[in-house]
Amino acid sequence: MKAELREQVVARATEIGFDLCRFTRAAEPAHAAEFRDWLSAGHAGEMNYLQRNAERRCDPQLVLPGARSIIVLAQNYFQGPLRAQAGSSAAGTIARYAWGADYHLSLESKLRQLDAFLVRCGGRQRFYVDTGPVLERDHAAAAGIGWQGKNTMLLNRTLGTWFFLAEILTTLEFDLDQAEPDRCGSCTRCLDACPTQAFTGPHQLDARRCISYLTIELKGSIPVELRPLLGDHIYGCDVCLDVCPWNRFATLSRETTSSMGEDVARMTLRDYLALTEESFRLLFRNSPIRRTKRRGLLRNVCVALGNVGTTDDLAALRKASVDSEPLIAEHARWAIEQIESRAQKVESTADSAPV
């Protein structure tokens with residue numbers, strides 16, 4: 001009976017649109033102790049929600065009393081090589097997962113369909129996408145979705161690193177999958193490539209230095225000493241993923257909602273500075289980027305322009321430097337200083353060059 005039900009769940013998950021469906025026990029995650037230590041060390045930065053739900057994340061029974069199994073699902077979001085504009089300094093770099101529609105909404109819709117099936121089978125469930133009180137990568141690794149790379153991300157032999165995770169805690173019992181062995185070997189490309197040196201060692205991330213944290217989770221001013229290291233990143237970062245050798249096996253996603261819309265693809269860094277609150281909400285109405293709000297995105301854009309902008313961007317930055325939002329104005333003034341400093345160095349070099 002368990003085997004038959006398992007086959008039905010996998011078939012239904014595939015039909016709904018998930019690429020992988022695996023099963024593990026609803027038990028304490030493997031790195032619960034390390035997670036608590038990580039929080040105690042302050043490496044979560046301002047992500048206080050992790051601290052508030054810490055014990056629930058470490059015990060599935062606190063999330064769903066009587067849970068026996070966790071169904072872990074994965075959905076490929078890989079859209080191929082970086083598009084010319086999406087990866088250029090003129091446009092700013094957006095992490096691949098945020099190119100398209102908000103994955104929380106699309107995956108939750110699919111989870112509701114799978115939950116309805118499980119209810120008919122007699123189960124009680126709780127399901128989550130990314131934001132729930134679940135250490136999802138631990139459970140995904142235990143379920144054989146992949147193994148945890150040195151950059152703390154999950155790797156899969158056929159999907160590489162480009163996939164979303166979702167979990168269903170259920171009172172139903174299933175035959176369990178086997179965990180994948182660690183296949184990273186001696187490779188440290190992900191650790192070595194990090195622009196901000198956010199990794200304190202293999203499997204150890206100080207989120208306070210991570211570009212994804214700085215451009216998304218951090219709500220206030222980006223530390224001045226870290227700004228030059230952000231390059232042209234305006235939302236998230238894929239650097240440690242892009243260099244992973246396992247991604248050479250990645251295949252294109254069948255999920256069309258993961259592709260970047262033309263309206264966003266056409267934007268340049270300077271264009272973003274012209275966004276009003278209303279036009280920001282309209283442009284990113286179905287995007288995870290709306291999470292940063294206008295103030296956060298334009299803060300990031302100013303930093304990117306400070307790093308890669310030219311004197312052609314100064315007029316837009318000067319306008320931003322008197323924006324009614326102090327966070328934007330502060331970072332715009334910093335960007336102006338950076339561009340003017342570079343221009344002065346170029347001019348000085350030209351003046352001192354032999355005739």
Side-chain angles (χ1 to χ4, degrees), residues 9-10 12-24 26 29 35 44 47 49-50 52-54 56-60 62-64 67 69-79 94-119 123-146 148 152-156 159-172 207 212-213 216-217 235-236 238 241 253-259 284-292:
V9 172
V10 172
R12 183 65 179 132
T14 303
E15 179 185 3
I16 291 170
F18 288 106
D19 293 287
L20 295 172
C21 177
R22 301 286 188 271
F23 303 81
T24 188
F35 173 63
M47 295 184 285
Y49 59 88
L50 294 175
R52 288 195 300 269
N53 291 319
R56 295 184 74 203
R57 291 175 186 273
C58 294
D59 186 356
L62 296 178
V63 179
L64 178 65
S69 309
I70 299 178
I71 305 171
V72 186
L73 303 125
Q75 180 178 293
N76 180 6
Y77 66 82
F78 185 59
Q79 295 295 311
I94 296 172
R96 273 190 178 90
Y97 83 85
W99 282 8
D102 191 336
Y103 65 97
H104 295 94
L105 302 179
S106 59
L107 265 65
E108 283 174 2
S109 175
K110 294 175 180 179
L111 287 173
R112 280 193 289 272
Q113 296 178 59
L114 197 52
D115 174 58
F117 174 79
L118 294 168
V119 167
R124 288 187 296 108
Q125 286 75 229
R126 287 284 181 87
F127 56 82
Y128 299 101
V129 179
D130 186 30
T131 56
V134 179
L135 290 185
E136 60 178 10
R137 275 172 280 181
D138 265 13
H139 296 303
I145 292 286
Q148 294 196 22
T152 77
M153 300 298 289
L154 210 68
L155 283 76
N156 178 275
L159 300 179
T161 58
W162 312 115
F163 56 93
F164 299 123
L165 287 173
E167 304 79 40
I168 300 179
L169 283 69
T170 178
T171 55
L172 297 172
S212 288
Y213 170 83
I216 302 172
E217 300 289 349
Y235 191 90
D238 285 334
L241 308 182
S253 171
R254 55 180 171 162
E255 187 64 46
T256 57
T257 60
S258 294
S259 59
F284 296 113
R285 60 191 179 279
N286 297 317
S287 166
I289 295 176
R290 64 183 175 177
R291 182 179 176 196
T292 64

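All of these numbers come straight from a predicted model, not from anything done at the bench. Note that these values count all heavy atoms, side chains included, but never hydrogens, waters or copies made by symmetry.
The heavy-atom pair separating Arg290 from Phe284 by the smallest distance is CB-O, 3.5 Å. Taking both residues in full, the closest heavy atoms of Ala207 and Met47 are given as CB-CE, 3.8 Å, listed atom of the first, atom of the second, then distance. When all heavy atoms of Val9 and Leu114 are compared, the closest pair comes out as O-CD1, 4.1 Å. Of all heavy-atom pairs between Leu165 and Val129, the closest is O-CG1, 4.1 Å. Annotation for Ile94 and Trp99: closest pair O-NE1, 2.9 Å, computed over non-hydrogen atoms. The shortest non-hydrogen separation linking Gly144 to Arg22 is O-NE, 4.2 Å.
A search for salt bridge (Lys or Arg N to Asp or Glu O under 4.0 Å) contacts involving Arg112 returns nothing, not counting sequence neighbours. Here Arg12 pairs with Glu15 under the side chain to side chain donor-acceptor pair (under 3.5 Å) rule; sequence neighbours left out. With sequence neighbours left out, Arg56 forms a side chain to side chain contact (heavy atoms under 4.5 Å, CB included) with Asn53, Leu62, Val63, Arg126, Tyr128, Pro133. For Glu255, the salt bridge (Lys or Arg N to Asp or Glu O under 4.0 Å) partners two or more places apart in sequence, or in a different chain, are Lys110. Arg124 is linked by a salt bridge (Lys or Arg N to Asp or Glu O under 4.0 Å) to nothing, counting only residues two or more places apart in sequence or in another chain. With sequence neighbours excluded, no residue forms a salt bridge (Lys or Arg N to Asp or Glu O under 4.0 Å) with Arg285.
Not one N or O on the side chain of Asp238 forms a donor-acceptor pair closer than 3.5 Å with the backbone of Ala95. No donor-acceptor distance shorter than 3.5 angstrom exists from the side chain of Asn286 to the backbone of Ala101, with no hydrogens or angles considered. Ser258 contributes no side-chain N or O that, together with a main-chain N or O of Gly100, makes up a donor-acceptor pair within less than 3.5 Å. In terms of modelled atom types and a separation under 3.5 Å, the side chain of Thr24 and the main chain of Ile70 share no donor-acceptor contact. Not one N or O on the side chain of Ser109 forms a donor-acceptor pair closer than 3.5 Å with the backbone of Leu105. Between the side chain of Gln148 and the backbone N or O of Arg137 there is at least one donor-acceptor pair closer than 3.5 Å. In terms of modelled atom types and a separation under 3.5 Å, the side chain of Arg57 and the main chain of Gly132 share a donor-acceptor contact.
The pair Arg291-Asp102 does not meet the salt-bridge criterion, since no charged nitrogen lies less than 4.0 angstrom from a carboxylate oxygen.
Of the inter-residue distances, the one linking Thr292 atom OG1 with Glu217 atom CD reads 11.0 Å to the nearest 0.5 angstrom. Taking CG of Leu172 as the reference point, atom CD1 of Ile71 lies at 7.0 Å (rounded to 0.5 Å). Taken to the nearest 0.5 Å, the CG atom of Leu111 stands 9.5 Å off from the OG atom of Ser106. Here CG of Leu50 is found 9.0 Å from CG of Leu135. Values are rounded to the nearest 0.5 Å.
Using a 4.5 Å heavy-atom cutoff, the side chains of Leu241 and Met153 are in contact. The shortest side-chain heavy-atom distance between Asp130 and Tyr103 falls under the 4.5 Å cut-off. Within the 4.5 Å cutoff, the side chain of Leu169 has heavy atoms near those of the Val134 side chain. Side-chain contact check for Asn76 versus Phe164: every heavy-atom pair is 4.5 Å or farther apart. Glu167 has its side chain out of reach of Phe127: every pair of non-hydrogen atoms, C-beta onward, lies at least 4.5 Å apart. Using a 4.5 Å heavy-atom threshold, the side chains of Leu73 and Leu20 count as separate.
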TODO: List the steps, then state whether side-chain contact (heavy atoms from CB on, under 4.5 Å) holds for Phe78 with Leu159.
DONE: CA-CA 8 Å; Phe78 185 59; Leu159 300 179; over 6 Å; no
- [ ] Report the C-alpha distance between Leu154 and Phe163 in whole Å, list the side-chain angles of each, state the deciding distance to 0.1 Å, and finish with yes or no for side-chain contact (heavy atoms from CB on, under 4.5 Å).
- [x] CA-CA 9 Å; Leu154 210 68; Phe163 56 93; 3.9 Å; yes
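Inspection of the Gln125 and Thr170 side chains reveals an N or O donor paired with an N or O acceptor under 3.5 Å.
In this structure, Tyr97 and Tyr77 have perpendicular ring planes: the angle between them is above 60°, well past the 30° mark.
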